[in-house]
There are 2 protein chains.
Amino acid sequence: MTAVKFDKKMLKKRGGRLTSQRSLVFDIISKGGGHLDAAEIYAKAWRRMPGISLSTVYRAIGKFKELGLVEECHLCQEHHHYEALQNGSHFHLVCLGCGAVIEFEFPLVKRIRDEVDKARRFNIVNAEVNLSGYCSRCRG
Amino acid sequence: MTAVKFDKKMLKKRGGRLTSQRSLVFDIISKGGGHLDAAEIYAKAWRRMPGISLSTVYRAIGKFKELGLVEECHLCQEHHHYEALQNGSHFHLVCLGCGAVIEFEFPLVKRIRDEVDKARRFNIVNAEVNLSGYCSRCRG
DNA sequence: GTCCTTGCAAATGCTTTGCACGCTG
DNA sequence: CAGCGTGCAAAGCATTTGCAAGGAC
């Protein structure tokens with residue numbers, strides 16, 4: 001997990017401007033290893049650039065997402081969704097085109113659980129698998 | 001995906017009371033197949049019980065979660081977290097005890113992608129796998 | 001010089017909480 | 001009848017937006 005050097009080219013693609021704030025935010029996200037939320041990024045940013053605004057952090061993140069440099073861990077849903085616990089676990093396949101959600105079960109998921117359990121000495125309680133992409137109708 | 005009959009016993013375990021609002025909310029969640037958010041549940045509930053309060057919906061959901069009857073799809077994190085896209089995908093193993101996050105790569109994940117891709121005629125763009133449980137230190 | 005970015009403050013949207021009344025057990 | 005659950009309104013957070021001033025190109 002090495003930090004990615006923030007590069008002018010990365011922004012220029014779609015006309016973004018290279019500012020010190022953006023470099024800073026990108027550097028923090030890049031070194032954060034994927035576990036930082038906006039407030040944490042903001043806190044780290046403030047230490048290196050006192051006075052930086054929280055909205056600037058959000059806007060930088062938004063820009064990076066737009067450019068495909070950064071992604072949210074929980075990509076497919078905006079807010080919480082709930083489901084009743086019934087017959088075992090199933091997984092979600094979300095179409096980025098039409099928003100359709102398909103549920104599926106997949107034996108390999110159990111194998112992943114088992115093997116991670118063994119390999120990492122980790123007692124797995126919950127497994128969540130979310131796939132997103134384009135369904136047959138929407139691709140093209 | 002059949003609806004689960006809401007049962008008095010399900011609530012009594014920890015002293016909850018059986019009310020018409022709770023039955024209604026549970027029924028909606030149960031029939032929703034896991035893709036309803038709070039607002040959608042509220043809307044459906046209002047149609048069958050005009051005047052029901054949104055806070056009641058939230059409190060019912062909270063109770064069901066507490067009783068283990070319902071779970072949020074995005075269990076492990078409260079709000080969005082961001083990560084830089086770099087060398088291919090990795091996955092997350094979150095300890096429910098100490099909060100540690102372990103990243104791992106796993107070849108089976110690629111197999112799942114491929115097979116779902118084929119089986120469902122779905123063009124997969126992003127795969128996300130989140131496992132949670134207890135690490136060797138925290139279990140016991 | 002143009003117009004994209006920033007900082008600030010206010011607004012928005014989802015979720016939670018305080019309080020008095022009503023209903024379950 | 002005791003105490004939990006409800007509805008309402010207000011509070012809390014995270015995130016977004018409008019606007020005037022500042023900086024990149």
Side-chain angles (χ1 to χ4, degrees), chain A residues 6-29 35-67 69-75 77-82, chain B residues 6-29 35-67 69-75 77-82:
Chain A
F6 188 56
D7 190 331
K8 212 164 180 173
K9 286 176 220 149
M10 298 169 97
L11 271 177
K12 286 198 90 175
K13 257 192 291 188
R14 290 198 211 170
R17 288 181 181 172
L18 181 62
T19 66
S20 51
Q21 289 90 337
R22 285 181 178 173
S23 301
L24 174 59
V25 171
F26 189 84
D27 187 58
I28 289 168
I29 294 176
H35 314 125
L36 301 174
D37 62 21
E40 290 163 337
I41 294 168
Y42 177 53
K44 282 178 189 289
W46 181 280
R47 273 179 234 138
R48 285 161 61 183
M49 183 185 286
I52 189 175
S53 159
L54 181 56
S55 12
T56 298
V57 171
Y58 275 111
R59 282 189 275 227
I61 292 170
K63 194 66 171 174
F64 298 152
K65 284 197 287 184
E66 182 190 324
L67 295 172
L69 299 173
V70 156
E71 69 180 8
E72 295 175 7
C73 285
H74 290 313
L75 201 39
Q77 283 133 329
E78 266 332 51
H79 33 264
H80 292 151
H81 289 67
Y82 304 95
Chain B
F6 188 58
D7 190 331
K8 212 164 180 173
K9 283 177 222 149
M10 300 169 95
L11 271 177
K12 285 196 89 175
K13 257 193 291 189
R14 288 200 213 169
R17 288 181 181 172
L18 182 61
T19 65
S20 51
Q21 289 91 336
R22 286 181 177 175
S23 302
L24 174 59
V25 171
F26 189 84
D27 187 58
I28 289 168
I29 294 176
H35 313 126
L36 301 174
D37 62 21
E40 289 163 337
I41 294 168
Y42 177 53
K44 281 178 190 291
W46 182 280
R47 273 180 232 136
R48 286 162 61 184
M49 184 185 285
I52 189 175
S53 159
L54 181 55
S55 13
T56 298
V57 170
Y58 275 109
R59 282 190 275 227
I61 293 170
K63 194 67 173 173
F64 298 152
K65 283 198 286 184
E66 183 189 323
L67 295 173
L69 299 172
V70 155
E71 71 179 7
E72 295 174 9
C73 286
H74 291 311
L75 204 36
Q77 283 132 330
E78 267 329 53
H79 33 264
H80 292 150
H81 289 66
Y82 305 93

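Chain letters run A, B, ... following the sequence lines, proteins first and then strands; every chain starts at 1. Reckoned from all heavy atoms, side chains included, excluding hydrogens, waters and symmetry mates.
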Checklist entry - Given that A/Ala39 and A/Arg59 both sit by DNA chain D, which one's nearest nucleotide is further toward the 5' end? => result A/Ala39
Item to check | Value rounded to 0.5 Å, distance of CG in B/Asp27 from CZ in B/Arg48 | outcome: 4.5 Å
Item to check | Value in whole Å for how far the C1' atom of C/dG13 lies from CG of B/Leu54 | outcome: 11 Å
Item to check | OP1 or OP2 of D/dG23 under 4.0 Å from side-chain N/O of A/Gln21 | outcome: no
Checklist entry - Can you check the B/Leu24 CG to D/dG5 C1' distance for me, whole Å? => result 15 Å
Item to check | Over all atoms of both residues, closest heavy-atom pair of A/Ser23 and A/Leu18 | outcome: OG-CD1, 3.7 Å
Item to check | B/Leu18 side-chain proximity, nearest of D/dC25, D/dT6, C/dG25 | outcome: C/dG25
Item to check | Nearest-angstrom distance from the residue atom CD of B/Glu40 to C1' of C/dG13 | outcome: 15 Å
Checklist entry - Which pair of non-hydrogen atoms, one from A/Arg22 and one from A/Ala60, has the smallest distance, and what is that distance? => result CG-CB, 4.3 Å
Item to check | Selected nucleotide, minimal atom distance to A/Ser55 side chain, candidates D/dC25, C/dA9, C/dT17 | outcome: C/dA9
Checklist entry - What's the spacing between B/Glu66 CD and B/Ile61 CD1 if we round to 0.5 Å? => result 13.5 Å
Checklist entry - When you check the phosphate oxygens OP1 and OP2 of D/dG5, does a side-chain N or O of B/Arg22 lie under 4.0 Å from one of them? => result yes
Checklist entry - Does the C/dC4 base have a donor-acceptor partner in the side chain of A/Thr19 within less than 3.5 Å? => result no
Checklist outcome for this item: Within residues 42-53 of chain A, the residues having a heavy atom closer than 4.0 Å to DNA chain C are A/Gly51, A/Ile52, A/Ser53
Item to check | Proximity to the side chain of B/Arg17 - top-ranked nucleotide from C/dC19, C/dT6, D/dA2 | outcome: D/dA2
Item to check | Pairwise distance NZ(B/Lys44) to CD1(B/Ile41) - rounded to 0.5 angstrom | outcome: 9.5 Å
Next on the checklist: On a heavy-atom basis, which atom in A/Val57 and which in A/Tyr42 lie closest, and how many Å separate them?
Outcome noted: CG2-CD1, 3.9 Å
